[in-house]
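Encoded as structure tokens, the structure appears first; notes follow it.
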Amino acid sequence: MAFLILLPPWPHKVDGGVLLLVAALFLATVLAHRYWRAKIRLEDELEARDLDARRALERYREAFRGLAAPAAFADRVSGLVMEATPGWSRQGLPEPGEPVFGGDPSLEAAWRGIPAPGPDHRPAGPGTLTLRGRTFTAICLGGASLGVVLLVPMEG
């Protein structure tokens, strides 16, 4: 014979609203915990991506700063050289913080004639710019580098 435990009847009637409120609070805590864990995962993922991007940027920056070839990044609007390689500086080209065209109106007109990126922010075709007797290819970059012009010597 099975053992039955006989409990006396519950002396109070259970209110359905209270039971529903307890169930809703339990569900809310479970959902809040899941949201909190997902938020922590996303923050960790973003932090890891940011760290990777900073490492890659530093590697590229160090490589650019070590180039013997003359190359520079300049602001498209103002024409100021933002960053230059040692080879750029050795050739007597404008230093960072100086304008590429240096007050020469014909050179400034050539600078303004560099093709701008398209509406989809993709780089346009390269333009040419002659600085101190050397011809440089000027590429107006797009995407995250929108507004930056890369100046590198023309081949040949």
Side-chain angles (χ1 to χ4, degrees), residues 17-156:
V18 172
L19 191 59
L20 183 64
L21 182 64
V22 169
L25 287 174
F26 178 74
L27 180 63
T29 57
V30 168
L31 292 176
H33 179 73
R34 289 181 66 194
Y35 170 77
W36 177 66
R37 296 295 298 170
K39 183 179 175 226
I40 288 175
R41 272 195 308 274
L42 284 174
E43 287 174 349
D44 289 345
E45 185 179 325
L46 286 174
E47 188 176 328
R49 282 186 183 178
D50 188 40
L51 185 62
D52 289 344
R54 273 189 263 135
R55 283 186 194 139
L57 175 65
E58 282 304 314
R59 281 194 346 237
Y60 292 131
R61 187 173 281 159
E62 285 177 24
F64 183 77
R65 289 179 179 164
L67 283 176
F73 289 112
D75 182 59
R76 177 168 167 66
V77 176
S78 65
L80 293 177
V81 175
M82 296 175 357
E83 192 154 351
T85 64
W88 178 273
S89 300
R90 277 195 299 273
Q91 291 195 3
L93 296 165
E95 293 292 323
E98 296 178 8
V100 172
F101 38 83
D104 181 3
S106 63
L107 190 55
E108 186 172 354
W111 178 260
R112 302 282 178 231
I114 296 170
D120 59 352
H121 300 294
R122 288 190 179 177
T128 58
L129 197 65
T130 304
L131 295 171
R132 304 214 174 127
R134 270 195 90 176
T135 306
F136 288 88
T137 300
I139 304 167
C140 190
L141 304 176
S145 301
L146 192 63
V148 177
V149 177
L150 173 62
L151 297 165
V152 291
M154 286 191 80
E155 295 178 10

Exercise. Looking at OG of S78 and CH2 of W111, how far apart are the two atoms once the value is rounded to the nearest 0.5 Å?
Worked result: 8.0 Å
Exercise. If we only count heavy atoms from C-beta on, is the E95 to V81 side-chain gap below 4.5 Å?
Worked result: no
Exercise. Heavy-atom count around E47 CD within 6.0 Å, excluding the residue itself: above 12?
Worked result: no
Problem set entry | L46 CG to L42 CG distance, which is reported to the nearest 0.5 Å | 6.5 Å
Problem set entry | Partners passing side-chain contact (heavy atoms from CB on, under 4.5 Å) against L51 (at least two apart in sequence or in another chain) | R54, R55
Exercise. What distance separates R122 CZ from L141 CG, expressed to the nearest 0.5 Å?
Worked result: 14.5 Å
Problem set entry | Point-to-point distance, once rounded to the nearest 0.5 Å, from CG of L27 to CG of L20 | 10.5 Å
For this session: Run the numbers on R65 and E83 for side-chain contact (heavy atoms from CB on, under 4.5 Å), then give the verdict.
Result: CA-CA 8 Å; R65 289 179 179 164; E83 192 154 351; 2.7 Å; yes
Problem set entry | Heavy-atom check, side chain of T137 versus side chain of L151, under 4.5 Å | no
Exercise. Shortest non-hydrogen contact from C140 to P115?
Worked result: CB-O, 3.4 Å
Problem set entry | Closest heavy-atom pair and its distance - L80, P99 | CD2-N, 3.5 Å
Exercise. Between the main-chain N or O of A71 and the side-chain N or O of T85, is there a donor-acceptor pair closer than 3.5 Å?
Worked result: yes
Exercise. Can you list the steps and then say if T135 with L129 is a side-chain contact (heavy atoms from CB on, under 4.5 Å)?
Worked result: CA-CA 6 Å; T135 306; L129 197 65; over 6 Å; no
Exercise. Can you name the nearest heavy-atom pair linking P96 to M82, along with the distance?
Worked result: CB-O, 4.0 Å
For this session: Hey, could you give me the CD/CD1 distance between E45 and I40, rounded to the nearest 0.5 Å?
Result: 14.0 Å
Exercise. Any side-chain heavy atom of R134 within less than 4.5 Å of one from P70?
Worked result: yes
For this session: Report yes if the distance between the aromatic ring centroids of F64 and W88 is under 6.0 Å, otherwise no.
Result: no
Seminar exercise, completed: In terms of heavy-atom contacts, V148 and F73 come closest through CG1-CD2, 3.6 Å
Exercise. Who passes side-chain hydrogen bond (donor to acceptor under 3.5 Å, both in side chains) against E98, sequence neighbours left out?
Worked result: none
For this session: Can you run down the side chain to side chain donor-acceptor pair (under 3.5 Å) pairs that involve residues 22-37, sequence neighbours left out, and say none if there aren't any?
Result: none
Problem set entry | Stepwise side-chain contact (heavy atoms from CB on, under 4.5 Å) test for L131 and L107 | CA-CA 8 Å; L131 295 171; L107 190 55; 3.5 Å; yes
Exercise. Quick one: which of V152, T130, V149, L93 gives a side-chain contact (heavy atoms from CB on, under 4.5 Å) with F136?
Worked result: L93
For this session: Salt-bridge test for R61 and E58: reply yes if a basic N is under 4.0 Å from a carboxylate O, no otherwise.
Result: yes
Exercise. Between R112 and E108, is there a side-chain N and carboxylate O pair less than 4.0 Å apart?
Worked result: yes
Problem set entry | I114 backbone acceptor or donor facing R76 side chain under 3.5 Å | yes
